[in-house]
Amino acid sequence: MKNSLVRHAAVPVLLTLSFLTTSAWAQTSPSPKAPESRAAEYAQNHAKSHEDYVERRINRLYSQLKITLEQAPQWSAFAQTMRDNAKRIDDAFKARAEKLPTMNAEESLNSYAELAQMHAENMQKLSTSFNALYATMSEPQKQIADKLFRKPYRHARDHGRREHGARKPAMAPKQ
């Protein structure tokens, strides 16, 4: 079960990172803008879109979980953790995108590892925050939450492809 949760938590960050890095390499037509400004512009647009996605997700969960007034403090903490995590990762993506055109392979891989580590830390914070909320839920609310959080995490698909029209990452040829 733990491995399944880890896989579901890792997939979104890996897909998102691959979309971000492949988009920088997948440019087919030259643009009058410098590579650094294109990457920064992409990161800025992604951050705004991600912020909007997080707010929609918060609103949807609030409605689905039927949060009560008594649960407002725990809910507010959980929602703020989602916002803080999104801002933190968006800032990191933007910083990476600005540096990516001048990074060598070693720096790029280290940067990617830092993003993956940040995602793991963010998930831990979110889990801790959710645990406090879950403890205040009624049994019917817990049943709803259990169903919602058993579904495979679809952030990368919902956010990445629908909102950005991101391409699938290129597969390496089989040897």
Side-chain angles (χ1 to χ4, degrees), residues 1-23 39-97 111-112 114-169:
M1 172 98 174
K2 193 170 188 176
N3 285 341
S4 176
L5 291 174
V6 170
R7 278 196 307 264
H8 288 299
V11 168
V13 76
L14 295 176
L15 287 174
T16 303
L17 292 173
S18 67
F19 292 146
L20 181 63
T21 57
T22 56
S23 69
E41 183 179 336
Y42 174 84
Q44 187 68 32
N45 291 339
H46 180 273
K48 177 62 178 146
S49 178
H50 191 231
E51 181 183 321
D52 294 343
Y53 171 83
V54 169
E55 286 303 319
R56 286 192 309 274
R57 178 77 173 141
I58 289 169
N59 291 333
R60 191 169 46 248
L61 282 172
Y62 182 87
S63 174
Q64 290 172 317
L65 294 172
K66 301 174 177 143
I67 301 300
T68 65
L69 286 175
E70 294 80 23
Q71 296 163 331
Q74 292 82 8
W75 171 259
S76 293
F78 175 68
Q80 191 58 49
T81 301
M82 288 179 71
R83 290 181 188 104
D84 293 346
N85 285 353
K87 171 112 176 70
R88 185 174 176 224
I89 201 78
D90 287 341
D91 289 347
F93 271 116
K94 183 178 178 191
R96 183 178 197 272
S111 171
Y112 182 85
E114 289 169 7
L115 288 173
Q117 179 64 38
M118 182 182 293
H119 177 73
E121 291 166 5
N122 284 351
M123 290 304 296
Q124 189 60 51
K125 290 176 187 175
L126 190 63
S127 176
T128 299
S129 174
F130 184 76
N131 291 345
L133 174 63
Y134 191 79
T136 69
M137 290 182 176
S138 66
E139 282 307 310
Q141 284 176 304
K142 286 181 178 181
Q143 290 174 0
I144 293 168
D146 293 346
K147 285 181 183 177
L148 288 173
F149 288 90
R150 275 189 200 125
K151 292 180 183 177
Y153 193 82
R154 299 187 315 217
H155 175 271
R157 185 188 74 207
D158 292 345
H159 178 60
R161 290 190 192 142
R162 287 189 190 155
E163 294 182 12
H164 297 298
R167 299 179 197 109
K168 284 185 178 181

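All heavy atoms count here, side chains included; hydrogens, waters and symmetry mates do not. As the structure is a computational prediction, the values presented were derived from the model and not from experiment.
For the atom pair CG (Asn85) and CG (Asp90), the distance works out to 10.5 Å, reported to the nearest 0.5 Å. Taking OG of Ser138 as the reference point, atom CD of Gln71 lies at 7.0 Å (rounded to 0.5 Å). In this structure, the separation between CH2 on Trp75 and OG1 on Thr68 is 11.5 Å, given to the nearest 0.5 Å. Interatomic distance, CE of Met123 versus CZ of Phe130, reported as 11.0 Å (0.5 Å rounding).
A salt bridge does not link Lys87 with Glu51: every distance from a Lys NZ or Arg NE/NH1/NH2 to an Asp or Glu carboxylate oxygen is 4.0 Å or more. A salt bridge between Lys142 and Asp146 is absent, with no side-chain N of the basic residue lying under 4.0 Å from a carboxylate O of the acidic one.
Looking at every heavy atom in both residues, Ser129 comes nearest to Thr81 through OG-OG1, 3.4 Å. The heavy-atom pair separating Met137 from Gln141 by the smallest distance is CA-OE1, 3.4 Å. For Arg83 against Glu55, the heavy-atom pair with the smallest separation is NE-OE2, 2.6 Å. Of all heavy-atom pairs between Pro73 and Leu69, the closest is CD-O, 4.1 Å.
Aromatic ring orientation, Tyr53 versus His50: parallel (interplanar angle below 30°, classes split at 30° and 60°).
The shortest distance between side-chain heavy atoms of Leu148 and Leu65 falls below 4.5 Å. For the pair Glu121/Arg88, a side-chain contact is recorded, criterion being any heavy-atom separation below 4.5 Å from C-beta on. Contact check for Gln64 versus Leu61: side-chain heavy atoms found under the 4.5 Å cut-off. Counting heavy atoms from C-beta outward, Leu126 and Asn122 have side chains that stay 4.5 Å or more apart. Here the side chains of Tyr112 and Arg96 are in contact, with some heavy-atom distance below 4.5 Å.
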Exercise for the section: Quick one: do Leu133 and Ile67 satisfy side chain to side chain contact (heavy atoms under 4.5 Å, CB included)? Show the steps, please. Expected result: CA-CA 9 Å; Leu133 174 63; Ile67 301 300; 4.2 Å; yes
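In this structure a side-chain-to-backbone donor-acceptor pair under 3.5 Å is present from Thr128 to Gln124.
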